[in-house]
Amino acid sequence: MVQEPNVCAQARALLGAVIYGYDGAIARITEVEAYDGPNDPASHAFTRTPRSALMYGPPNRLYVYRIHGHHCANVVTSAAGLGSAVLLRAGQILDGYDAARARRGDVPEQLLGRGPGNLAKSLGITMADLGTDLLVPPGIVVDRSPTLAGDERIATGPRVGVRLAADRPWRYWIADHPTVSAYRRHPRA
DNA sequence: GTTTAGATCAACT
DNA sequence: GTTGATCTAAACG
């Protein structure tokens, strides 16, 4: 059994936070996954390269990667060069629907930010945002001050689509929230 | 050796 | 029909 690393608490703390994207698109984070750098085979930071060094640097930076033609956004959380980061898997769009739909297409509101690729697309996040300071405009900004509502609970389970370390329950989401995507295990996990 | 673009297909809607 | 911390190979330096 692997003990829960600090990044898991960081991940849970990001639920309910608000992320400001481009052209007025704003989302409330509803689903996240924790990645524990060198101790986590599923993390891109598991192998240290100049690219992954970003996750070993100062926290509150944006780490972006491509997958299947989409972009996925992560918040670097390590405070002491631990290489940990939190993947933003889903969010509820709060404002800027026109901008989000211009990028995502005419889909129902709750599907705009459902899934990491879709959330990044709604907000307009691309590789150009790699390394952005999330506390300082311009660019993508995250406001951690909003919290969960009194009747909202945090659910947990295995991370979606990871082949390695597929059983670590480091995915967190707001229970019963309509924007949260379904669990899919990697075929070869 | 690293990074990025493009693509596959099992699972989900 | 859609999606994606996979996978391969081309594009860097």
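Naming: A, B, ... by sequence-line order, numbering from 1 per chain. Only heavy atoms go into these numbers, but all of them, side chains included; no hydrogens, no water, no symmetry mates.
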Once you round it to whole Å, what is the distance between [atom2] of [N] and [atom1] of [X]?
{"X": "His71(A)", "N": "dG4(C)", "atom1": "NE2", "atom2": "P", "answer": "12 Å"}
{"X": "Asp106(A)", "N": "dT2(C)", "atom1": "CG", "atom2": "C1'", "answer": "15 Å"}
{"X": "Arg159(A)", "N": "dT6(C)", "atom1": "CZ", "atom2": "C1'", "answer": "15 Å"}
{"X": "Leu130(A)", "N": "dA5(B)", "atom1": "CG", "atom2": "P", "answer": "11 Å"}
{"X": "Leu164(A)", "N": "dG4(C)", "atom1": "CG", "atom2": "P", "answer": "19 Å"}
{"X": "Ile67(A)", "N": "dA10(B)", "atom1": "CD1", "atom2": "C1'", "answer": "14 Å"}
{"X": "His68(A)", "N": "dT8(B)", "atom1": "NE2", "atom2": "P", "answer": "10 Å"}
{"X": "His70(A)", "N": "dT2(C)", "atom1": "NE2", "atom2": "P", "answer": "10 Å"}

Side-chain N or O of Asn118(A) closer than 4.0 Å to phosphate OP1/OP2 of dT3(C):
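So the side-chain polar atoms of Asn118(A) do come within 4.0 Å of the phosphate oxygens OP1 or OP2 of dT3(C), strictly under.
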Please confirm whether the shortest side-chain N or O distance from Arg163(A) to OP1 or OP2 of dC7(C) is below 4.0 Å.
yes
Look at [X] together with [Y] and state whether they make a salt bridge at an N to O cut-off of under 4.0 Å.
{"X": "Asp176(A)", "Y": "Arg153(A)", "result": "no"}
{"X": "Arg159(A)", "Y": "Asp167(A)", "result": "no"}
{"X": "Glu4(A)", "Y": "Arg12(A)", "result": "yes"}

Test log, rule side chain to side chain donor-acceptor pair (under 3.5 Å), inputs Arg89(A) and Ser181(A):
CA-CA 8 Å; Arg89(A) 271 205 65 87; Ser181(A) 49; 3.2 Å; yes
Among dG4(C), dT2(B), dT13(B), find the nucleotide with the atom closest to the side chain of Thr49(A).
dT2(B)
Which listed nucleotide (dA5(B), dG4(C), dT3(C)) is nearest to the side chain of Arg66(A)?
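When the side chain of Arg66(A) is considered, dA5(B) is the closest of dA5(B), dG4(C), dT3(C).
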Go through it in stages, so that I can follow the logic: the residues are Ile154(A) and Ile174(A), the test is side chain to side chain contact (heavy atoms under 4.5 Å, CB included), and I'd like the CA-CA distance, side-chain angles, deciding distance and then a yes or no.
CA-CA 5 Å; Ile154(A) 296 177; Ile174(A) 299 176; 5.9 Å; no
Just call it for [X]: base, sugar-phosphate, or nothing, with non-hydrogen atoms closer than 4.0 Å on any strand.
{"X": "Arg171(A)", "result": "nothing"}
{"X": "Arg48(A)", "result": "nothing"}
{"X": "Arg51(A)", "result": "sugar-phosphate"}

Base-paired stems that DNA chain B participates in, counting runs of 3 or more Watson-Crick or G-U pairs under 3.5 Å:
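Result, WC/G-U stems under 3.5 Å: B:1-7 with C:6-12, B:9-12 with C:1-4.
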Quick one: CG on Asn74(A) to CG on Leu87(A), what's the gap to the nearest 0.5 Å?
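Between atom CG of Asn74(A) and atom CG of Leu87(A) there are 5.0 Å.
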Give the B/S/- string for nucleotides 8-13 of chain C, one per nucleotide from 5' to 3', where a protein heavy atom under 4.0 Å of the base yields B, of only the sugar-phosphate yields S, and otherwise -.
------
Give the cluster check for [X] versus [Y]: same hydrophobic cluster or not, with ILVMFWY residues linked at side-chain heavy-atom distances below 4.5 Å.
{"X": "Ile125(A)", "Y": "Leu130(A)", "result": "yes"}
{"X": "Leu94(A)", "Y": "Tyr20(A)", "result": "yes"}
{"X": "Tyr22(A)", "Y": "Ile29(A)", "result": "yes"}

Should Tyr56(A) and Leu54(A) count as side-chain neighbours, where that means a heavy-atom distance under 4.5 Å?
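Counting from C-beta outward, Tyr56(A) and Leu54(A) never come under 4.5 Å.
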Within the structure provided, determine whether Glu31(A) and Tyr172(A) are in side-chain contact (heavy-atom separation under 4.5 Å).
no
Member of Ser84(A), Ser78(A), Pro41(A) meeting the side-chain contact (heavy atoms from CB on, under 4.5 Å) criterion with Asp36(A):
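Exactly one pass, corresponding to Ser84(A).
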Using a 4.0 Å cut-off on heavy atoms, which residues in residues 179-189 of chain A reach DNA chain B? List them by number, or say none.
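Ala182(A), Tyr183(A), Arg184(A), Pro187(A), in order of number.
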